[in-house]
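Each residue takes its place number in the sequence, starting with 1.
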Amino acid sequence: YRRIMRDVMSQNRLLALLRYPASMAMPADYDLLDVIDRIAPTPLLIMHGRQDHIVPYQHGVDLYGKARAPKTLLSYRGYHIDGFADPLRRQMVLEFLQTHAR
C-alpha cells in the first residue's frame, strides 16, 4: 500500500512533497505484492480500469504478474469504480465465478 500511496501522491505537486513521510504511516509489514502468490490454487480475478486515477492501472498489472495460476485479469476501459457499470463485465465476473465454483 505504501507504493500505491507514493504513486498517487506523486501526481499532485503539493502532495508530492509529503509522499514519503505520509507513506510511512501505512503499515509496512504487509505488502500485497509479497503475498499474492500465496493465494494459489484459489482462483484469482483482478479487475482494473485502465483510466483509474485512484489506484493507477500499473498496480493491477503488477499484482497480476506476481500472482500464480489460476488467475484472470479483467482489464477494462474505465475508472476506479466502473468495474460493474457495464453489463458485459458483470457477465464476465459471473462466468468467472461459475467456472471456478466448487
Side-chain angles (χ1 to χ4, degrees):
Y1 298 106
R2 284 184 173 185
R3 280 186 335 108
I4 294 170
M5 182 181 211
R6 287 178 187 151
D7 192 19
V8 170
M9 290 181 78
S10 70
Q11 296 173 26
N12 178 299
R13 287 184 184 179
L14 292 175
L15 295 177
L17 298 172
L18 301 173
R19 72 180 179 261
Y20 287 101
S23 71
M24 300 311 280
M26 300 298 288
D29 56 344
Y30 181 79
D31 186 338
L32 195 50
L33 281 174
D34 294 336
V35 297
I36 194 146
D37 62 333
R38 297 181 203 162
I39 292 173
T42 302
L44 175 67
L45 173 65
I46 296 176
M47 290 179 63
H48 210 130
R50 290 185 298 276
Q51 285 75 34
D52 191 333
H53 297 297
I54 305 299
V55 178
Y57 179 71
Q58 186 59 45
H59 291 282
V61 172
D62 292 346
L63 281 176
Y64 181 77
K66 287 273 192 162
R68 294 185 330 190
K71 61 183 181 177
T72 301
L73 175 61
L74 177 50
S75 174
Y76 59 89
R77 183 173 176 80
Y79 300 99
H80 188 67
I81 57 171
D82 289 346
F84 292 101
D86 180 22
L88 178 61
R89 283 194 297 271
R90 289 195 300 266
Q91 183 61 39
M92 293 171 83
V93 171
L94 285 174
E95 289 172 8
F96 174 87
L97 293 172
Q98 289 168 346
T99 298
H100 298 287
R102 294 182 188 214

Of all residues at least two apart in sequence or in a different chain, which pass the side chain to side chain contact (heavy atoms under 4.5 Å, CB included) check with R77?
R50, Q51

Applied to residues 31-56, the ring-ring contact (aromatic ring centres under 6.0 Å, His included) test, sequence neighbours excluded, yields H48-Y57, H53-Y79

In the single-linkage hydrophobic clustering (I, L, V, M, F, W, Y; side-chain heavy atoms under 4.5 Å), do L94 and L74 co-cluster?
no

Counting heavy atoms not belonging to M92, are there more than 12 under 6.0 Å from its CE?
no

So, for A85 and P87, which heavy atoms are closest and what is the spacing to 0.1 Å?
O-CD, 3.7 Å

Just to verify, what does H80 make a side chain to side chain contact (heavy atoms under 4.5 Å, CB included) with, not counting sequence neighbours?
D52, I54, V55

Give me the atom names and distance for the closest heavy-atom approach of A40 to A69.
CB-O, 3.5 Å

What distance separates E95 CD from L45 CG, expressed to the nearest 0.5 Å?
11.5 Å

With a 3.5 Å distance limit and no angle check, can you tell me whether Y76 reaches the backbone of G83 through a side-chain donor-acceptor pair?
yes

Mark yes when over 12 heavy atoms from residues, nucleotides or ligands other than I81 sit less than 6.0 Å from its CD1; otherwise mark no.
no

What is the minimum heavy-atom distance between D7 and P56, and which atoms define it?
OD2-CG, 3.2 Å

For residues 83-102, which residue pairs qualify under ring-ring contact (aromatic ring centres under 6.0 Å, His included), counting only residues two or more places apart or in two chains?
F96-H100

Are L97 and L88 in one and the same hydrophobic cluster, where Ile, Leu, Val, Met, Phe, Trp and Tyr link if side-chain heavy atoms are under 4.5 Å apart?
yes

Report the residues that fulfil side chain to side chain contact (heavy atoms under 4.5 Å, CB included) with I39, sequence neighbours left out, ordered by chain and then residue number.
I36, T42, L44

By salt bridge (Lys or Arg N to Asp or Glu O under 4.0 Å), D86 pairs with (sequence neighbours left out) R89

Interatomic distance, NZ@K71 vs CG@L63, rounded to 0.5 Å, equals 10.5 Å

Please lay out, stage by stage, how D37 and R68 fare under the test side-chain contact (heavy atoms from CB on, under 4.5 Å).
CA-CA 5 Å; D37 62 333; R68 294 185 330 190; 4.1 Å; yes

